[in-house]
Amino acid sequence: MLGPDPFPRMVRDFHRVIGEEARLQLKRQTGSEAPDVAIACVGGGSNSIGLFHAFLDDPGVRLVGVEAGGSGLFPGRHAARFAGGSLGVLQGTRTYLLQDAFGNILPTHSVSAGLDYAAVGPEHAHLRDSGRATYTHASDDEALAAFHALAELEGIIPALESAHAVAYLLRDGGDGRAGSIVIVNLSGRGDKDVAQVAAREGTEVASP
């Protein structure tokens, strides 16, 4: 989703299968053409734009992108560009990014490596500024709690990146607050993250 044109459009179009498949699955499972809300994590923004793109022309669908709130919205402790960034240029892209007053790129932090980036895709910046999509953030601790919750309740180990989207649903969308039909995009498997989570929480991982 980053770099000069046409790269953001190319990545979006490669990932649009996510949204198209989600729409088909939704129709088969619920009979509905569209959800009340579609939620996805946002680092650079490829998986989320792939989901969102299928529903951009459905005005009743609320689009929610969830960035990495890290350990707090302090310089160097998060990767929430919309919450703590400003307009700038990085790697050929004019978008929201984390920078100081002189335009120097700030360090970032997230428990999930895939969200740990200083800029966000320019189409996300447009969706945010136009009001078509809403962007929020979830902290490391919230993402870890969501990682455990999905694994324990559904038997699905989400990637730590996707756990941020699950965290938003648990925090702000549970008990029907997000609507009766909700799509949460799980953009990857969390098998790769189990050892990292265990080390962070002081738990031993059994050898295979």
Side-chain angles (χ1 to χ4, degrees), residues 15 17-43 45-52 54-55 58 60-72 78-80 83 109-116 133-208:
H15 282 76
V17 66
I18 298 170
E20 292 170 357
E21 182 68 23
R23 185 184 281 277
L24 289 172
Q25 290 184 26
L26 187 71
K27 178 68 173 178
R28 286 198 301 265
Q29 295 183 33
T30 71
S32 176
E33 295 291 341
D36 296 307
V37 62
I39 307 166
C41 64
V42 179
S46 57
N47 89 86
S48 45
I49 204 65
L51 176 65
F52 292 175
F55 302 104
D58 294 277
V61 179
R62 190 159 62 93
L63 307 175
V64 179
V66 187
E67 296 186 293
S71 57
H78 69 93
H109 161 78
S110 173
V111 71
S112 56
L115 303 186
D116 193 0
T134 300
Y135 295 85
T136 183
H137 52 85
S139 70
D140 287 349
D141 289 343
E142 289 174 318
L144 287 165
F147 177 91
H148 285 289
L150 194 64
E152 293 167 10
L153 297 174
E154 298 291 342
I156 298 170
I157 304 174
L160 282 174
E161 290 81 3
S162 300
H164 285 70
V166 178
Y168 167 80
L169 180 63
L170 295 176
R171 183 187 71 203
D172 296 334
D175 300 324
R177 294 190 298 276
S180 59
I181 301 178
V182 177
I183 291 177
V184 178
N185 190 35
L186 298 185
S187 57
R189 291 169 46 181
D191 307 51
K192 64 178 177 56
D193 297 319
V194 170
Q196 177 187 348
V197 172
R200 180 186 174 102
E201 298 177 348
T203 305
E204 290 188 14
V205 177
S207 300

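The model shown is predicted, which means the values in this text are computed figures rather than measured ones.
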Which atoms form the tightest heavy-atom contact between [X] and [Y], and what is the distance?
| X | Y | value |
| --- | --- | --- |
| Leu170 | Ala149 | CD1-CB, 4.0 Å |
| Ala167 | Ala138 | CB-CB, 4.0 Å |
| Phe55 | Glu33 | CE2-O, 4.3 Å |
| Ala165 | Val184 | CB-CG1, 3.9 Å |
| Ala54 | Glu20 | CB-N, 3.9 Å |
| Ala163 | Ala143 | CB-O, 3.4 Å |

Please confirm whether the backbone N or O of [Y] pairs with a side-chain atom of [X], one donor and one acceptor, at under 3.5 Å?
| X | Y | answer |
| --- | --- | --- |
| Asp140 | Val111 | yes |
| Arg171 | Glu142 | no |
| Asp193 | Leu160 | yes |
| Ser112 | Gly114 | no |

Inset, instruction - Check whether any side-chain heavy atom of His148 lies under 4.5 Å from a side-chain heavy atom of Val197, and answer yes or no. - result: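 Side chain of His148 against side chain of Val197, heavy atoms only: contact under 4.5 Å found.
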Legend entry - Any side-chain heavy-atom pair of Leu150 and Leu186 under 4.5 Å: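 A side-chain contact exists here, since the closest heavy-atom pair is under 4.5 Å.
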Rounded distance [0.5 Å steps], [atom1] in [X] versus [atom2] in [Y]:
| X | Y | atom1 | atom2 | value |
| --- | --- | --- | --- | --- |
| Lys27 | Ser32 | NZ | OG | 7.5 Å |
| Arg23 | Ile18 | CZ | CD1 | 15.0 Å |
| Leu115 | Ser162 | CG | OG | 8.0 Å |
| Arg62 | Thr134 | CZ | OG1 | 6.0 Å |
| Ile157 | Lys192 | CD1 | NZ | 11.5 Å |
| Ser48 | His15 | OG | NE2 | 9.0 Å |

Inset, instruction - Inspect the contact between Asp36 and Arg177 and indicate whether a charged nitrogen and a carboxylate oxygen are less than 4.0 angstrom apart. - result: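 Between Asp36 and Arg177 there is no salt bridge, as every charged N stays at least 4.0 Å from the carboxylate O atoms.
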Inset, instruction - For Glu201, look at atom CD and say whether over 12 heavy atoms of other residues, nucleotides or ligands are found less than 6.0 Å away. - result: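 More than 12 heavy atoms, drawn from other residues, nucleotides or ligands, come within 6.0 Å of this atom.
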